[in-house]
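FYI, the numbering just counts along the sequence from 1. The structure presented is a predicted model; accordingly, all values stated were derived computationally and were not measured.
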Amino acid sequence: MSGKKTLEEKIQATKDNLKENLNTIRAGRANPALLDKVMVDYYGSPTPIKALANVSVPDPRTLLVTPFDPKSLSNIEKGINEANIGINPSNDGKVIRLVVPTLTEERRKELTKSVKKYGEEAKVAIRNVRREVNESLKKQQKDGELTEDDVKAALNDTQKVIDKAIKDIDEMVAAKDKEVMAV
């Protein structure tokens, strides 16, 4: 069934999107993924920071951004400030240091709400994929392409795939939630 392949592709795309969204949530620890969505104006075109600099983690609370081209240092600093990630860059002329501040209990609780919201959005997307597949199967049955037994078996298979995807999403959300709440 070719529908199963597209179902799994859509589920994987949803999981990848969730992972990207969760990576942008700052958990009090330095993580290079915090800078993934930072765009820098480099000779007039927006460029991802990873294309312009090496991002390393010298210690658990610090990100070190070392530009490949020293002339781009101020542009990178400006890009980080404009991205509004909640961390002020300090520029020493050669590298940019980002010290990740510790999170207050109140801020941690706000972040867990964001984590849960992203998880819920991913589950809704998964359920929408299920609905599309189910409608497609029922249309094929109505058109005489599939028998009732084939449709029941396919619906059952689809539900198993969806259940596993939702379980995976719950695990991703729980892991990020634990990371955010860790002091």
Side-chain angles (χ1 to χ4, degrees), residues 1-39 48-51 55-63 65 80 83-87 98-141 146 148-183:
M1 172 173 140
S2 67
K4 189 170 186 174
K5 181 146 178 67
T6 58
L7 169 68
E8 289 174 359
E9 286 170 0
K10 288 179 179 180
I11 287 172
Q12 190 57 50
T14 301
K15 285 184 196 175
D16 291 345
N17 187 35
L18 174 63
K19 190 173 186 175
E20 254 181 56
N21 287 336
L22 292 179
N23 280 340
T24 62
I25 294 178
R26 191 165 47 88
R29 260 200 234 78
N31 179 354
L34 288 172
L35 301 177
D36 281 356
K37 294 189 176 176
V38 175
M39 297 303 268
I49 201 164
K50 290 193 175 202
V55 180
S56 60
V57 185
D59 65 67
R61 294 234 177 266
T62 309
L63 282 174
V65 181
I80 292 169
N84 198 15
I85 58 173
I87 305 172
L98 297 162
V99 179
V100 180
T102 55
L103 298 173
T104 63
E105 189 67 24
E106 186 178 318
R107 182 69 180 132
R108 287 178 198 280
K109 287 179 179 167
E110 286 174 27
L111 290 175
T112 59
K113 286 179 187 171
S114 294
V115 168
K116 287 181 171 72
K117 185 183 105 201
Y118 284 137
E120 209 43 56
E121 287 171 359
K123 287 183 193 177
V124 168
I126 296 285
R127 291 182 193 118
N128 287 339
V129 170
R130 174 183 59 197
R131 184 178 35 77
E132 289 170 16
V133 169
N134 289 354
E135 287 172 359
S136 168
L137 289 168
K138 288 176 180 166
K139 183 182 183 308
Q140 287 176 340
Q141 179 185 5
L146 294 173
E148 188 175 336
D149 289 343
D150 290 341
V151 170
K152 279 186 179 178
L155 289 173
N156 196 18
D157 289 347
T158 301
Q159 188 59 46
K160 286 178 186 171
V161 171
I162 295 298
D163 289 344
K164 183 186 180 326
I166 287 181
K167 183 176 178 266
D168 292 347
I169 287 170
D170 285 339
E171 288 170 2
M172 291 168 72
V173 167
K176 186 63 177 188
D177 208 29
K178 184 177 175 188
E179 181 186 331
V180 167
M181 290 309 287
V183 178

*asked:* Please report the interatomic distance OG1(Thr62) to CD1(Ile87), rounded to the nearest 0.5 Å.
replied: 10.0 Å
*Can you name the closest pair of heavy atoms from Leu22 and Met172 and give their distance?*
CD1-O, 4.0 Å
*First locate atom CE of Met181, then atom CG of Leu111, and finally report the distance between them rounded to the nearest 0.5 Å.*
9.5 Å
*Side-chain (Arg108) to main-chain (Val180) donor-acceptor, under 3.5 angstrom*: yes
*Answer yes or no: is there a side-chain heavy-atom contact under 4.5 Å between Val133 and Thr6?*
no
*asked:* Please report the interatomic distance CZ(Arg130) to CD1(Ile166), rounded to the nearest 0.5 Å.
replied: 6.0 Å
*asked:* Assess the residue pair Lys50 and Asp36 against the criterion (side-chain contact (heavy atoms from CB on, under 4.5 Å)); give the C-alpha distance rounded to whole Å, side-chain angles, the decisive distance to 0.1 Å, and a yes or no.
replied: CA-CA 7 Å; Lys50 290 193 175 202; Asp36 281 356; 3.0 Å; yes
_Can you tell me how far apart CG (Asp157) and CD (Gln159) are? Round to the nearest 0.5 Å._
11.0 Å
*asked:* Can you see whether Arg131 engages Asn134 through a side-chain donor-acceptor pair at a distance of less than 3.5 angstrom?
replied: no
*Within-4.5 Å side-chain heavy-atom neighbours: Val57 and Leu63*: yes
*asked:* For a 4.5 angstrom cut-off between non-hydrogen side-chain atoms, does Lys15 reach Ile126?
replied: no
*For the student: nearest non-hydrogen atoms of Leu7 and Thr158, plus distance*: CD2-CG2, 4.0 Å
*Asp168 versus Ile11: any side-chain heavy-atom pair under 4.5 Å?*
no
*With side chains defined as the heavy atoms from C-beta onward, is the minimum distance between Leu35 and Leu98 less than 4.5 Å?*
yes
*Using modelled atom types only, decide if a donor and an acceptor are shared between the side chain of Ser136 and the backbone of Glu132 within a distance under 3.5 Å.*
no
*Thinking salt bridges, do Glu110 and Arg107 make one under a 4.0 Å N-O criterion?*
yes
*Does a side-chain heavy-atom distance below 4.5 Å link Leu18 with Thr14?*
no
*Nearest 0.5 Å, what's the CD1-NZ distance between Ile169 and Lys123?*
7.5 Å
*Taking the side chain as every heavy atom from C-beta outward, state whether Glu120 and Val173 have any atom pair closer than 4.5 Å.*
no
*Check ion pair Lys167-Glu171 (N to O, under 4.0 angstrom)*: yes
*When rounded to the nearest 0.5 angstrom, what is the spacing between CG in Asp150 and CG in Leu155?*
11.0 Å
*State, with a plain yes or no, whether a side-chain heavy atom of Ile80 is found less than 4.5 Å away from one of Ile49.*
yes
*Side-chain ion pair, Lys138 and Glu135, N-O less than 4.0 Å*: no
*Could you please spell out the steps behind the side-chain contact (heavy atoms from CB on, under 4.5 Å) verdict for Glu8 and Gln12?*
CA-CA 6 Å; Glu8 289 174 359; Gln12 190 57 50; over 6 Å; no
_Test your reading of the model: is there a side-chain donor-acceptor pair from Lys10 to the backbone of Val129, 3.5 Å cut-off?_
no
